[in-house]
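Not measured: the values here are computed from a predicted model. Just so it is clear: chains get the letters A, B, ... in the order the sequence lines come, proteins before strands, and each one is counted from 1.
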Amino acid sequence: MKHNFRKIEGKWQKKWENAGIFKAVDGSDKPKFYGLVEFPYPSGAGMHVGHIKAYSSLEVISRKRRMEGYNVLFPIGFDAFGLPTENYAIKTGTHPRVITDENIAKFTNQLKKVGFSFDWDRVIDTTDEDYYKWTQWIFLKLFEHGLVFRSKALVNYCPSCKVVLSNEDSQGGKCDICHSDVVQKSKDVWYLRITEYADKLLEGLEHVDYPANVKQQQVNWIGKSTGAFVNFTLEGLNEQMEIYTTRPDTLFGVTFMVIAPEHPLIDKYADRIKNMDAIEAYRSECAKKTEFERTQLVKDKTGVKIDGIEAVNPITGNKIPVFIADYVMMGYGTGAIMGVPAHDQRDYEFAKKFGADIIEVIKGGDISVEAYSGDGEMVNSGFLNGYTNKKESIARMLEEIEKMGIGHAGVQFKMKDWAFNRQRYWGEPIPIIHCEDCGVVPVPYEELPLRLPKVENFEPGAEGESPLAKIESFVNCTCPKCGKKARRETDTMPQWAGSSWYFLRYIDPHNDQALADPEKLKYWMPVDWYNGGMEHVTRHVIYSRFWHHFLYDIGVVNTPEPYAKRSIQGLILGPDGDKMSKSKGNVVDPLDIVEDYGADTLRTYVLFMGDYSAATPWNDNSVKGCKRFLERVSGFTDMISEDKETRKLETAFHKTIKKVSSDLEEMKFNTAIAALMTLTNDIYGLGKVSKEQVQTFAKLLCPIAPHVCEEIWEVTGGEGFLSLQPWPQYDESKTVDAQTEIGVQINGKLRGTVVIPTNAEKEEVFAIARADARIASLTEGKTFVKEIYVPGRVVNFVVK
RNA sequence: GCAGGAGUGGCGGAAUGGCAGACGCAUCAGACUCAAAAUCUGACGAGGGUGACCUUGUGUGGGUUCAAGUCCCAUCUCCUGCACCA
């Protein structure tokens, strides 16, 4: 059969769609499989080959599951709120709705051309008001349960995009969207109390199947540490200053204190501070730096001693100086630390520069050179002297400070609460009303969805105000509580909102009574397997886990964790080995590949190009190699023979079924395809193949290259869709050949090979190996010290 | 600095402690062709030998083992994430 991909791909895509064979069935008796891929942001540029690779893994698994008899939910949708669309709207004067619809149509067309087996009846769009109604509903639930709060704070602000960014969106001090420098700005910010769920997010990781590095990254991000809060008294003032430390055992070594430049204590006691000028100068200098710059200046410690305030070490009673320095952050712990220069390198550097005492309390290092943070015997530490075990010293100290009433054990998280508002148009309106008398009032549930008003101008207002602030008809409203005139919140939610629960909506996408029917949620959840990118591990995945834990706590969903298993795809790099980017001109358009080589070739190539989870450069010639392979496969139909000789292929087939079945489960797509290529070479080597064998081959390749395989199935007289045929089974006993070639080593060096009966006993194998002419001549006159046989692999003779 | 991962032909990459380089690409030679493309056959880590073969070879240096790409110790390089987190 000639492989005319142009003709057959369109044909089968139409047939699949008309027959609706990829639709998930609600209320089925079959076991369920919920495969999820990260839904795309429908940008104007259209799809990227990276999307194809990202979706291909679960596309293959989902197709295999259907053949294995599962009821499969494999949905797709669009995460369509976001800045690029809004910026394009500003530039062209086109409404974001229009742009979004166009882009979604484009993506849909592209996805269909690749032949993905998505259930197209369940497509969702986060910008659809019937969808964001429920995003707002979840927000109100969070509000109701005290997990939403408003605070004036220094925030990461992008002057170019004119929006507030979360820490996650401004990693490295750069705006995640436009890559300009982020500055600190004081603003009213809506926060979601994700820190309330820090422990649950940490604990939940123990019950899910995520790759180790993904778990580790989330653990680091949550950043739990255990330690103690200790109060230091300020000399002559009726004031306690609380610090957080992970090393309460070193309390005897505290020789100074440092507080963050923004610490409120400074303003409170401004009249007592003698060098307020110097302090103010230092503070304004710090304010100019971005947080990123502050954290980068690792080497040179800066700071100013507060003249006029002294603290008391509560455990020794010694008076110690207090400094301000920007190596202490207001945002972590209490914004104040105890300085233990002998056992903390940062404190050591600070003490050296500012002349503070250095008292050794743990033996083992050389504190004339650097701080010592290892273990050792406690000295100069009163009741702790002689302790050698860190855990015990900490426990003993905690006991003491609690008895003295000066502190207590505690935990801290690096994770911060989630800044949840953006001053933008193209996002979900935050359903909140500001009333002069009642304060912050939630929009009543029955008024949802709170729709985005029609606007002509999408430019953000002065000072980065939301474009919605300019729409009087939107802003002006009445307070639901007291009925007086009130104003609506004009900020919208961040892009991460809609994607934090979308997998629940796929389960029941058209429900107007609930975000999804509880019975259906019970059947389909959790997501069995979720594939996506590494870049979402500390944002989307954490956020959605947070929302899902919350929904579990209020009884909306039946599992605490949304994703039972997570996998990661590696990047596709440009042919030059660099990350694909428009500016480098190394971007490959997947539709070009579909046009030139066919969807099956594209699908096969992205899975064959290398280790699925590793970054691999694109290679046009290898694409051609995959096309050649598929052409050879379609050529099988011209080689069909019922000759008994085709039985010679039996073992090869059973081996291949076994290997492909297990490799696909382990996402080793490259070796699964390699096994099919090897089998293809075997078939061509024999020159004939039975009809049944061709059909088995087609089934194995079907999840990867479904169009050509359906065609082979039809041409060879198969009935119905190949995509719905049962997955091939292998017989373990038939996966081994009657004879095996094994290597023969002498003193660990390969000296030849012999053919043995596969089930031969050890002694028989040794006899055959010794009888081999070459081995015999090499061992002549030598003494056999040891003989080793690894079944089916190798023989090793140790001789002297 | 901390955590995780990776270093294998010209390239992408395979190898439950057991014949290193599967499979694919590129390259070379041959067949077919007037010719080219396509296709088919063969060769293809390095060094040596007319040859059967020999030596050597998985970042580097040690070690364990009958046997090491794989395990252990040390070391270098690269990637990813976090990072003055008290």
Side-chain angles (χ1 to χ4, degrees), chain A residues 171-172 211-221 223-225 227 243-247 250 258 260 294-302 325-329 331-340 344-347 349-350 412-416 534-535 537-538 568 570-571 573 575 577 604-605 608-611 613-626 628-629 631-632 635 668 670-681 684 741-754 773-774 785-799:
Chain A
Q171 297 184 28
N213 58 337
V214 171
K215 280 192 188 181
Q216 191 59 47
Q217 207 167 305
Q218 294 211 349
V219 168
N220 288 345
W221 189 262
K224 184 176 183 171
S225 79
I243 59 95
Y244 174 73
T245 178
T246 55
R247 296 297 302 274
T250 61
V258 186
R294 268 176 71 167
T295 55
Q296 283 307 296
L297 297 171
V298 192
K299 300 238 167 64
D300 218 11
K301 294 280 176 292
T302 61
D326 67 357
Y327 82 94
V328 175
M329 308 286 150
Y332 184 79
T334 60
I337 64 154
M338 62 182 207
V340 188
D344 180 290
Q345 190 57 28
R346 291 157 304 173
D347 296 345
E349 284 162 22
F350 192 79
Q412 273 293 307
F413 296 96
K414 287 183 197 171
M415 187 169 70
K416 305 208 169 94
M534 203 64 197
E535 69 277 17
V537 166
T538 49
I568 301 288
L571 284 178
L573 306 173
T604 306
Y605 175 64
F608 182 64
M609 63 194 298
D611 180 339
S613 61
T616 311
W618 185 268
N619 183 318
D620 276 321
N621 279 321
S622 285
V623 176
K624 288 178 198 156
C626 289
R628 206 172 292 158
F629 162 62
E631 280 167 353
R632 276 160 70 84
K668 290 159 75 175
N670 54 340
T671 50
I673 293 167
L676 289 165
M677 287 174 169
T678 304
L679 181 57
T680 301
N681 291 340
Y684 272 81
E741 191 188 66
I742 61 165
V744 183
Q745 298 176 338
I746 296 172
N747 292 338
K749 291 209 171 184
L750 185 72
R751 291 299 179 211
T753 57
V754 292
R774 217 171 130 228
V785 179
K786 204 169 181 182
E787 297 171 315
I788 295 134
Y789 173 48
V790 183
R793 295 282 189 171
V794 74
V795 164
N796 189 12
F797 293 130
V798 184
V799 299

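The phosphate of B:rA26 (OP1 or OP2) has no side-chain N or O of A:Ser622 nearer than 4.0 angstrom. Here A:Asn681 reaches the OP1 or OP2 of B:rG24: one of its side-chain N or O atoms lies under 4.0 Å away. The shortest distance between the side-chain N/O atoms of A:Tyr332 and the OP1/OP2 oxygens of B:rA86 is below 4.0 Å. Put simply, A:Lys749 has no side-chain N or O that comes within less than 4.0 Å of OP1 or OP2 on B:rC54. Put simply, A:Arg793 has no side-chain N or O that comes within less than 4.0 Å of OP1 or OP2 on B:rA15. Remark: A:Lys414 is not in phosphate contact with B:rC85, judged by side-chain N or O atoms under 4.0 Å from OP1 or OP2. Using a 4.0 Å cut-off, no side-chain N or O of A:Asn670 falls inside it from OP1 or OP2 of B:rG12. A close approach under 4.0 Å does occur between a side-chain nitrogen or oxygen of A:Asn621 and OP1 or OP2 of B:rA26. Note on A:Thr538: every side-chain N or O is 4.0 Å or more away from OP1 and OP2 of B:rG81.
Within the shown strands, nothing qualifies as a pairing partner of B:rA83 under the Watson-Crick or G-U definition with both distances less than 3.5 Å. Nucleotide B:rA6 has B:rU77 as its partner under the Watson-Crick or G-U criteria, with both atom distances under 3.5 Å. In this entry B:rG69 has no Watson-Crick or G-U wobble partner, no candidate having both defining distances under 3.5 Å. B:rA26 is unpaired under the Watson-Crick or G-U wobble criterion, no partner having all donor-acceptor distances under 3.5 Å. In a base pair of the Watson-Crick type (N1 to N3 plus N6-O4 or O6-N4) or a G-U wobble (N1-O2 and O6-N3), with each distance short of 3.5 Å, B:rU56 is matched with B:rG45.
Taking CE from A:Met677 and CZ from A:Phe608, the interatomic distance works out to 4.0 Å, rounded to the nearest 0.5 Å. With rounding to the nearest 0.5 Å, the separation of CG in A:Asp347 from NZ in A:Lys301 is 9.0 Å.
Following rounding to the nearest Å, A:Arg632 (CZ) and B:rA38 (C1') show an atom-to-atom distance of 14 Å. For the pair A:Lys624 NZ and B:rU27 P, the computed distance is 10 Å after rounding to whole Å. Between A:Gln412 atom CD and B:rC85 atom P there is a gap of 13 Å when expressed in whole angstrom units. Rounded to whole Å, atom P of B:rC23 lies 15 Å from atom CZ of A:Arg628. We find that CD of A:Gln217 is positioned 18 Å from P of B:rC2, with the value rounded to whole Å. A straight line from CG of A:Leu750 to P of B:rC53 spans 11 Å, rounded to a whole angstrom. A:Lys668 places its NZ atom 9 Å from the P atom of B:rA14, with the value rounded to the nearest Å. Counting to the nearest Å, the P atom of B:rA68 and the CG atom of A:Asn796 are 10 Å from each other.
Among B:rG18, B:rA86, B:rC66, the nucleotide with an atom closest to any side-chain atom of A:Val798 is B:rC66. With distances taken from any side-chain atom of A:Thr616 to the nucleotides B:rC23, B:rA86, B:rG12, the minimum falls on B:rG12. Nearest nucleotide to the A:Arg346 side chain, out of B:rC19, B:rG13, B:rC84: B:rC84. Of all nucleotides listed (B:rC53, B:rC84, B:rC23), B:rC23 comes nearest to the side chain of A:Phe608. Of the candidates B:rA86, B:rA14, B:rA3, B:rA3 carries the atom nearest the A:Gln216 side chain, counting heavy atoms from C-beta on. When the nucleotides B:rA14, B:rU55, B:rA26 are ranked by their closest atom to the side chain of A:Arg751, B:rU55 comes out on top. Picking from B:rA15, B:rG81, B:rA86 the nucleotide with the shortest atom distance to the side chain of A:Thr671 gives B:rA15. Among B:rC84, B:rG18, B:rC23, the nucleotide with an atom closest to any side-chain atom of A:Ile788 is B:rG18.
Here A:Thr245 lies in heavy-atom contact (under 4.0 Å) with sugar-phosphate atoms only. Using a 4.0 Å heavy-atom distance criterion, A:Gly223 is classed as making no nucleic acid contact. Contacts of A:Gln345 with the nucleic acid, taken as non-hydrogen atoms under 4.0 Å apart, are absent. Within 4.0 Å (heavy atoms only), A:Ala336 reaches no atom of the nucleic acid at all.
Minimum interatomic distance between A:Ala336 and A:Val328 (heavy atoms only, all atoms of both residues): N-CG1, 4.1 Å. Of all heavy-atom pairs spanning A:Asn220 and A:Lys414, the tightest one is O-CD, 4.3 Å. Between A:Asn681 and A:Arg632, the closest heavy-atom pair is OD1-NH2, 2.8 Å. Across all their heavy atoms, A:Leu676 and A:Thr680 have their closest contact at O-OG1, 2.7 Å.
Comparing B:rA37 with B:rA43, their P atoms sit 22 Å apart, to the nearest whole Å. Taking atom C1' on both nucleotides, B:rA29 is separated from B:rC23 by 23 Å, rounded to a whole Å. B:rG63 and B:rC79 are spaced 29 Å apart, taking the C1' atom of each and rounding to whole Å. If you take atom C1' in B:rA86 and the same atom in B:rG4, they sit 24 Å apart, rounded to whole Å. Remark: the separation of the C1' atoms in B:rU80 and B:rG47 is 39 Å, to the nearest Å. Across the C1' atoms, B:rA3 and B:rU8 are found 26 Å apart, a figure rounded to whole Å. For B:rU70 and B:rA14, the C1' atoms lie 13 Å apart once the distance is rounded to whole Å. As rounded to the nearest Å, B:rG59 and B:rG69 have P atoms that lie 10 Å from one another.
Annotation: side chain of A:Asp344 is in contact with side chain of A:Arg346 (closest heavy-atom distance under 4.5 Å).
A:Tyr244 and A:Ser225 share a side-chain donor-acceptor pair at under 3.5 Å.
Base orientation at B:rG4 is anti, since its O4'-C1' glycosidic dihedral falls outside 90° of 0.
Across the interface with RNA chain B, nearest-nucleotide mapping of A:Tyr244 and A:Ala212 shows A:Ala212 to be the residue nearer the 5′ end. Comparing A:Cys626 and A:Gly335, the nucleotide of RNA chain B nearest to each residue sits closer to the 5' end for A:Cys626.
Every residue two or more places apart in sequence or in another chain that forms a salt bridge (Lys or Arg N to Asp or Glu O under 4.0 Å) with A:Lys668 is listed here: A:Glu666.
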